[in-house]
Structures are given as C-alpha cells and as structure tokens.
Amino acid sequence: MLDKLLSVESRYNELLTLLGDATVQADPSQYRTHAKALAEIEPVVEKFREYKTVVSEITQAEELAAGEDPDMQALAHEELPVLKARAEALLDEIRILLIPKDPNDEKNVVLEIRAGTGGDEAALFAADLFRMYSRYAERQGWRVDVLSSNENGVGGLKEVIATIEGKGVYSRLKYESGVHRVQRVPATEASGRIHTSTATVAVLPEAEDVEVAVLEKDLRVDRFCASGPGGQGVNTTYSAVRITHLPTGIVVACQDERSQIQNRAKAMRILKARLYEVAQAEQQSKLAAERRSMVGSGDRSEKIRTYNFPQSRVTDHRIGLTVHRLQEILDGSLDLLLEPLIGHFQAERFERELAVSP
C-alpha cells in the first residue's frame, strides 16, 4: 500500500504543476479535468502526509526511549502508545479512502415515496418522510423538484416523486431505499391506541442520456386530462402524459404541469431513472452472493427503519442503531442516522475489498 500511496502523492504533485501551467489554464476543459482529478486524490494525499509526520514522530520518540536521559525516556514511553494508535487510525482512514468510489455517488437522484399499509395514516407518514428529506436537502444546499404527487384528502401523500440535485446527493441518500415503519397514535384515534403504518422509499441515481438509450419506437405515449385541483384549464386540457416503455412494461405518468411538453419531460426523467435501476439490478444479480446481499441495493421488501413517536425513538434495523431524537430527525437532522450508516457500509465494503485482494 505504501508504494501505491507514494504513486498517488507523485500524481498529486504532477497535477499541481499542470494546473499552474499557462497552457492548461488557457484551456477550460483541460483545466477542469485536472482540477477534478486533483480534488479526488487530495484527501488521500493529506492523510498520507499526516501519517508520514506521525511515523517520523514515532521514530524520534523511539530514539529518545533508547537514550540515556531518564526524563526523556519516560516522556517517550508515554507518547509512543498514543502516536502508534494515531498511526493505525490514519492507516484505517487511508484504506477506506483508497476503496474505489461508487460511480453513482456524485449523481442527482429521483426520490420516490409511496404510502404502504395503514390507509390515511400511511399517507400522512409518507408526507412526513418527504418533508424530512426536503428539509435535509435544504440544509445541504440541494434543490428539490417535485415531478409527480398524489395527495389524499387529509394532507397526506399516496405517492410523491421528486428529483434532488446537488453535490454528492446519491452518496448521502443511497441507503434510504426500503420500507420505513411508523408507530404512533393517529389524530383520528379516539381510544389512544398506537397504530403501525408503513411507507416505501426508493432512491434512484438519475440516469444521464449517455447511460440509458430510450428509443421512440419503444414508447407508447398517451395523453389525457389531468385530475385533481388545478382549475378548468388543467381538467379540460390534454396536458397529462402517460408513457409506457414497451420492452419492460414500465409505466410513468405525470400531470403536475399545465404544459404537455413539460409533463412529458418530467415523465422521461422518471422513466430513465427506473430503466437505469433495472439495468443496475441485472448487473448486481451477476455478482457474488455477498455483494447481492449488501443492504442499500434498493430492495424495498425489507423493513429498514422504525419511527416510534411515543418513545421519540428512531431505530435503524440494519445496523442496530437507536436514536431518541425523533423530532430533530424529522425536521431534517438526518445526519444523526446517515453518518453511522455510511461508516458501517464503508467498513463492510473495505472488508470485502480485502477479501478479494490477492
């Protein structure tokens, strides 16, 4: 690993030199390419240089420990365990940084939330989840755009589909796919009995045109009048669009916009994301069993998290994490759950990488 780190550091210095070159600075495309490459390896180089500093301090402390000055010997013997522990911790951090990144991590996402079992209460919970993700996105400086929504009569959401755009969105939200469960007393419950309801969340990396080829001959496009609120103009104009992808049978409908063109564009974004997910699922099915079983692959059949209102408790069942700060999480403090999740699955991925390494 040391040879690899020295090679990365050499490449880092080379990129710094290139970015200072007048010819490169005059070419925006070339400059962006080198700047991006530099940014990707910079965290590794910084940790490696910190590690080398600590190793140097260990060498100095060992020399003092072998010396003849009793006071310096005592000081060195006291510092050595701390320095060695720091060196090991830095190596662990470097190993994780060297793991190949998920190619989807920097992508925007299509977020789909659907009410599950529980009737109106499930729809209200789906609305709570969408509000939670929206507030988290706001804190991150991300942009949320609703592509499609289906409300019920009590302020809940039977279904909502939205895009979230920003830096590293998929890397933060990719483990949110699955069944979310809520335990609370509904406002309509007179006896105070706790109900259990569910909602499903899907986080799909948004596909780019070069990744998913959608041919016009494979599409059936139906146009119809939008339903629900919106006034006479919406309900009497054929602005709503339903697209069926004939090879897969995937159907997407969008009616939120007044313009048929806008609804079609939104529907195509959803369709491409779903087709990309299908392609990913086919690819993952060819991998080894331990890779297929990795949580976060988008399997919605598994209950991943419970939100218990009476105890103000949120439990993530995949890693056995319980946090008694439910309202903060629903208000957008999602990092209370995401940081431990990401750390856990990074460690798992590192172990798998070690297992397949020669």
Side-chain angles (χ1 to χ4, degrees), residues 8 11-12 15-16 18-19 24-25 27-48 93-94 96-113 129-147 160-178 201-212 265-266 268-270 272-274 276-277 280 294-298 316 328-347 349-350:
V8 171
R11 176 59 177 162
Y12 178 82
L15 288 168
L16 279 177
L18 285 170
L19 288 174
V24 173
Q25 292 177 350
D27 184 342
S29 176
Q30 195 177 6
Y31 187 86
R32 280 196 302 271
T33 300
H34 292 322
K36 182 180 179 182
L38 183 76
E40 286 176 353
I41 64 174
E42 188 171 39
V44 177
V45 174
E46 288 178 350
K47 289 293 179 185
F48 179 46
E93 293 179 46
I94 290 169
I96 291 174
L97 288 171
L98 287 174
I99 295 173
K101 287 189 175 181
D102 184 335
N104 291 321
D105 275 352
E106 294 304 315
K107 290 184 182 292
N108 300 325
V109 305
V110 175
L111 172 69
E112 302 184 359
I113 303 175
L129 289 176
F130 181 61
R131 191 178 305 112
M132 175 182 74
Y133 291 121
S134 297
R135 289 177 177 174
Y136 180 69
E138 183 180 349
R139 293 186 180 195
Q140 301 299 311
W142 299 338
R143 179 172 175 265
V144 179
D145 181 23
V146 176
L147 301 181
V160 59
I161 302 174
T163 57
I164 304 180
E165 301 175 359
K167 181 175 175 57
V169 180
Y170 186 73
S171 69
R172 303 298 296 175
L173 298 182
K174 62 183 175 181
Y175 300 119
E176 290 300 289
S177 293
V201 174
V203 177
L204 316 178
E206 187 171 17
E208 298 176 9
D209 290 339
V210 294
E211 296 170 319
V212 177
K266 285 189 171 183
M268 285 299 294
R269 291 181 73 180
I270 300 170
K272 287 180 180 179
R274 291 184 183 173
Y276 186 58
E277 184 192 29
Q280 280 193 307
M294 184 179 113
V295 178
S297 63
D316 195 289
E328 286 182 58
I329 290 169
L330 290 177
D331 286 338
S333 296
L334 202 51
D335 279 335
L336 293 170
L337 300 173
L338 296 184
E339 290 293 346
L341 274 170
I342 292 169
H344 172 83
F345 291 120
Q346 276 183 336
R349 188 175 180 186
F350 174 60

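We use all heavy atoms of the structure for the numbers below, so side chains are in, but hydrogens, waters and symmetry mates are not. Note that the structure is a prediction, hence the values are computed from the model and not measured.
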> Can you tell me how far apart CD1 (Ile161) and CZ (Phe130) are? Round to the nearest 0.5 Å.
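Reported value, rounded in 0.5 Å steps: 11.0 Å.
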> Show, in sequence, the C-alpha distance, side-chain angles and deciding distance for Ile113 and Met132, and conclude whether the side chain to side chain contact (heavy atoms under 4.5 Å, CB included) test is met.
CA-CA 12 Å; Ile113 303 175; Met132 175 182 74; over 6 Å; no
> Kindly indicate whether the side chain of Ile342, heavy atoms from C-beta on, has any atom under 4.5 Å from the side chain of Arg172.
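Yes - at least one pair of side-chain heavy atoms lies under 4.5 Å apart.
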> With the threshold set at 4.0 Å, does a side-chain nitrogen-carboxylate oxygen contact exist between Glu138 and Arg143?
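Answer for the salt bridge query: no.
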> With rounding to the nearest 0.5 angstrom, report the NE2 to CG distance, His34 to Leu38.
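CG of Leu38 is found 10.5 Å from NE2 of His34.
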> State whether a side-chain donor-acceptor pair under 3.5 Å links Asn104 with Tyr276.
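The answer is yes; a qualifying pair exists.
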> Walk me through whether His344 and Glu339 qualify under side chain to side chain contact (heavy atoms under 4.5 Å, CB included).
CA-CA 9 Å; His344 172 83; Glu339 290 293 346; over 6 Å; no
> To the nearest 0.5 Å, tell me how far Leu204 CG sits from Lys107 NZ.
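Separation between the atoms: 12.0 Å.
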> Which heavy atom of Val203 sits nearest to which heavy atom of Tyr170, and what is that distance?
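Answer, listing the atom of Val203 first, then Tyr170: O-CE1, 3.9 Å.
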> Could you go step by step and tell me if Glu112 and Ile270 meet the side chain to side chain contact (heavy atoms under 4.5 Å, CB included) rule?
CA-CA 10 Å; Glu112 302 184 359; Ile270 300 170; 4.0 Å; yes
> Under a 4.5 Å cut-off applied to non-hydrogen side-chain atoms, are Tyr175 and Leu338 in contact?
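Sidechains of Leu338 and Tyr175: no contact.
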> What is the distance from atom CD of Glu328 to atom CG of Asp335, rounded to the nearest 0.5 Å?
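Going from CD on Glu328 over to CG on Asp335, the span is 12.0 Å.
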> Rounded to the nearest 0.5 Å, how far apart are CG of Asn108 and NZ of Lys167?
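Result: 12.0 Å between the selected atoms.
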> Take Lys47 and Glu42 through the test salt bridge (Lys or Arg N to Asp or Glu O under 4.0 Å) and record every step on the way to the result.
CA-CA 9 Å; Lys47 289 293 179 185; Glu42 188 171 39; over 6 Å; no
> Measuring only between side-chain heavy atoms, which start at C-beta, is Glu277 closer than 4.5 Å to Lys272?
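Result no, sub-4.5 Å side-chain heavy-atom pair not found.
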> Short question: side chain of Gln25, backbone of Leu19 - any donor-acceptor pair under 3.5 Å?
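At least one qualifying donor-acceptor pair exists.
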> Does Lys266 use its side chain to pair, donor to acceptor, with the backbone of Val146 at less than 3.5 Å?
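Yes; at least one donor-acceptor contact below 3.5 Å.
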> Can you confirm whether Ser333 sits close enough to Arg139 that some side-chain heavy atom of one is under 4.5 Å from a side-chain heavy atom of the other?
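Yes - at least one pair of side-chain heavy atoms lies under 4.5 Å apart.
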> Which atoms form the tightest heavy-atom contact between Tyr136 and Gly332, and what is the distance?
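Closest pair (atom of Tyr136, atom of Gly332, distance): CD1-O, 3.3 Å.
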> Do Leu111 and Leu173 come within less than 4.5 Å of each other through their side chains, counting heavy atoms only?
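Not in contact.
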> Where is the tightest heavy-atom contact between Thr163 and Arg269, given as atom of each residue plus distance?
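Taking every non-hydrogen atom into account, CG2-NH2, 3.5 Å.
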> How about Val144 and Tyr133: do any of their side-chain heavy atoms sit closer than 4.5 Å?
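The answer is no, as the side chains (C-beta and beyond) never meet within the 4.5 Å cut-off.
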> Can you measure from CE (Met268) to CG (Leu147) and round to the nearest 0.5 angstrom?
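So the CE of Met268 and the CG of Leu147 are separated by 13.0 Å.
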